[in-house]
J.: 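This is the structure, below, for whatever I ask next.
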Amino acid sequence: MKILTTLVLALLLMAWQPDARAQACGDTVTTSITLTADLHCTTGWTALYVPVGNITIRLNGHTLSGIPALQGIGILNAAKVRIVGPGRITGFWTGVNATRADDLAVDGISFEDIGSGVTISDTLAATVKNNDFRKVQGWGVYIIAAPGSRTTLGAHAIVDNQMLDMVGGISICGHPNSDNLISGNKIQGVRDYGIHLYDASNNNQVQQNELRKVDLTGIVLRGSSQNKISGNLIDYGHAGMSLIPQLTGSCMTGGYSPVVAFNLIETNSIFQQSVGISLGLGITKDPQVVKNRIYLNKLYNDATGIYFREDAHDNNATGNAYFGTPTPVVDTGSGNTY
């Protein structure tokens, strides 16, 4: 009898989830929770607020929804927070808004019909993976280091997400937000940029992403250097890649200049663009886009393959292949090889 009683108690403890309870709009979450029902919020400023770390929010197949005046899950000064699907977040101005949320993980969530998906600021080592973003009026993933942020952030992993029908895909801003991995994402139907690295976000790896039907530019390096851009497929748009010597002033730059230099762009396939790879702005003859290596890329049916503008100097673009591209190279810069 004692053995039977012990077994029953053990089974009850295994089945019991202390975090599985009904949540209410505006709850402050201080322990791990599992949603037991859909939650729709129309008042206040956030659906769920997280001020402490080391917790997990499991959507458990449910929908967290609201209106554009609210944010879905707000995280502040809380490390190691995990937001886990399956589940859906919809209707808010942003789905997840995390500030100083080191080691954040957002995994397996569907963001749909929403202002922006995941907004991250002043945060180290966030992971955003296996999510589905659809009908987003802003960025799917937006990571910033606004003035006043800590000086060492970055080391983020944005991997294996799907994005469809968006204004912008992935945007990372500021030198503190360097050393990131952007890999395996499928981005389609974007009206602005697919992947945007700017204001001295440097030393990133952008690899094995698929970008299709991006109206403006697939991958933009704006004042961004020492990146490795490899194995990406970019199909249909105005420009496959653009290297732009410009700082927007939106984020901390670590004292870096707008010069775009020492990027390695290799083994990418670029289809049906007005310009496959564009270097420079052409508003000055000063060297602003310099010593980038463009190698082993394949450019298919682009009007112009590679365009060196007046401010592009000493870049090496030898070893690329052009198919159905009437003008493989235009060079109005200086010292470029191809």
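Positions are given from 1, in the same order as the sequence printed here. Just the heavy atoms: all of them, side chains too, but no hydrogens, waters or symmetry mates, feed the values below. Quick caveat: nothing in here was measured; it's all calculated off a predicted structure.
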J.: Test side chain to side chain contact (heavy atoms under 4.5 Å, CB included) on L48 and L39; report intermediate values, then the result.
T.: CA-CA 10 Å; L48 298 174; L39 184 62; 4.2 Å; yes
J.: Measure from the side-chain N and O atoms of D122 to the backbone N and O of A146, and report whether any donor-acceptor pair falls under 3.5 Å.
T.: no
J.: Does the N131 side chain pair with the main chain of I109, one donor and one acceptor, at a distance under 3.5 Å?
T.: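 Yes; judged by distance alone, with no hydrogens or angles, the pair exists.
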J.: Who are the side-chain contact (heavy atoms from CB on, under 4.5 Å) partners of D103, not counting sequence neighbours?
T.: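 Testing D103 for side-chain contact (heavy atoms from CB on, under 4.5 Å), a comparison that skips the adjacent residues, returns K80, A125.
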J.: Should side-chain heavy atoms under 4.5 Å link Ile, Leu, Val, Met, Phe, Trp and Tyr, which residues sit in the same cluster as L296?
T.: Y295
J.: Using the side-chain hydrogen bond (donor to acceptor under 3.5 Å, both in side chains) definition, which of the options N185, N268, T267 pairs with N232?
T.: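 Testing each of N185, N268, T267 against N232, the sole residue satisfying side-chain hydrogen bond (donor to acceptor under 3.5 Å, both in side chains) is N268.
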J.: So, for R100 and R150, which heavy atoms are closest and what is the spacing to 0.1 Å?
T.: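 Looks like CA-NH2, 4.1 Å.
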J.: Quick one: closest heavy-atom pair of P326 and P328, and the distance?
T.: O-CD, 3.5 Å
J.: Check for a donor-acceptor pair, side chain of N180 on one end and backbone N or O of H156 on the other, with a separation under 3.5 Å.
T.: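 Such a contact is found between N180 side chain and H156 backbone.
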J.: Return yes if some donor-acceptor pair links the side-chain N/O of N209 with the main-chain N/O of L211 below 3.5 Å, else return no.
T.: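 Between the backbone of L211 and the side chain of N209 there is no qualifying donor-acceptor contact (under 3.5 Å).
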J.: Using only atom types and a distance under 3.5 Å, with no angle test, would you say the side chain of N320 pairs donor to acceptor with the backbone of A317?
T.: yes
J.: With salt bridge (Lys or Arg N to Asp or Glu O under 4.0 Å) as the rule and sequence neighbours excluded, what pairs involving residues 134-149 come up?
T.: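 Qualifying pairs: D132-R134.
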J.: Decide whether S250 and T248 meet the rule of one side-chain donor and one side-chain acceptor closer than 3.5 Å.
T.: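 T248 and S250 do have a side-chain donor-acceptor pair below 3.5 Å.
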J.: side-chain contact (heavy atoms from CB on, under 4.5 Å) with A105: which residues, sequence neighbours excluded?
T.: R82
J.: Under the salt bridge (Lys or Arg N to Asp or Glu O under 4.0 Å) rule, what pairs show up with a residue in residues 234-254, not counting sequence neighbours?
T.: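 The answer is R212-D235.
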J.: Kindly compute the distance separating CG (D107) from CG (N130), expressed to the nearest 0.5 Å.
T.: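 The CG atom of D107 sits 5.0 Å away from the CG atom of N130.
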J.: Minimum heavy-atom separation for V190 and G169, please, with both atom names.
T.: CG1-N, 4.2 Å
J.: Can you pull the salt bridge (Lys or Arg N to Asp or Glu O under 4.0 Å) pairs that have at least one residue in residues 299-314, sequence neighbours excluded?
T.: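 Sorted pair list comes back empty.
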J.: Any donor-acceptor pair under 3.5 Å linking the side-chain atoms of S224 with those of S201?
T.: no
J.: How about Q226 and N202: does a side-chain donor come under 3.5 Å of a side-chain acceptor?
T.: no
J.: Test: ring-ring contact (aromatic ring centres under 6.0 Å, His included). Region: residues 226-282. Which pairs qualify, not counting sequence neighbours?
T.: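 The answer is H175-Y256, F271-Y300.
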J.: How far does CD of Q23 sit from CG of L64, to the nearest 0.5 angstrom?
T.: 10.0 Å
J.: Test question: given the 4.5 Å side-chain rule for I, L, V, M, F, W and Y, name all other residues clustered with V159, or answer none.
T.: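 Members alongside V159: L181.
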J.: Please name the pair of heavy atoms, one in G174 and one in A145, separated by the smallest distance, quoted to 0.1 Å.
T.: CA-CB, 4.5 Å
J.: Can you check whether I55 reaches V29 side chain to side chain, under 4.5 Å on heavy atoms?
T.: yes
J.: If you measure from CD1 on I75 to OG1 on T99, what distance do you get to the nearest 0.5 Å?
T.: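 Atom-to-atom, I75:CD1 and T99:OG1 are 9.0 Å apart.
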J.: Tell me the ring-ring contact (aromatic ring centres under 6.0 Å, His included) pairs involving residues 54-89, sequence neighbours left out?
T.: none
J.: Members other than I283 in its cluster, when Ile, Leu, Val, Met, Phe, Trp, Tyr link by side-chain heavy atoms under 4.5 Å?
T.: W139, Y142, I144, Y193, Y198, L216, V220, I244, L281
J.: When you measure from the side chain of D113 to the backbone of G91, do you find a donor-acceptor pair of N or O atoms at a distance under 3.5 Å?
T.: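 No: the side chain of D113 does not pair with the backbone of G91.
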J.: Any salt bridge (Lys or Arg N to Asp or Glu O under 4.0 Å) involving residues 85-98? Give me the pairs, sequence neighbours left out, ordered by first then second residue.
T.: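 Matches after skipping sequence neighbours: R88-E112.
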J.: Members other than V259 in its cluster, when Ile, Leu, Val, Met, Phe, Trp, Tyr link by side-chain heavy atoms under 4.5 Å?
T.: V290
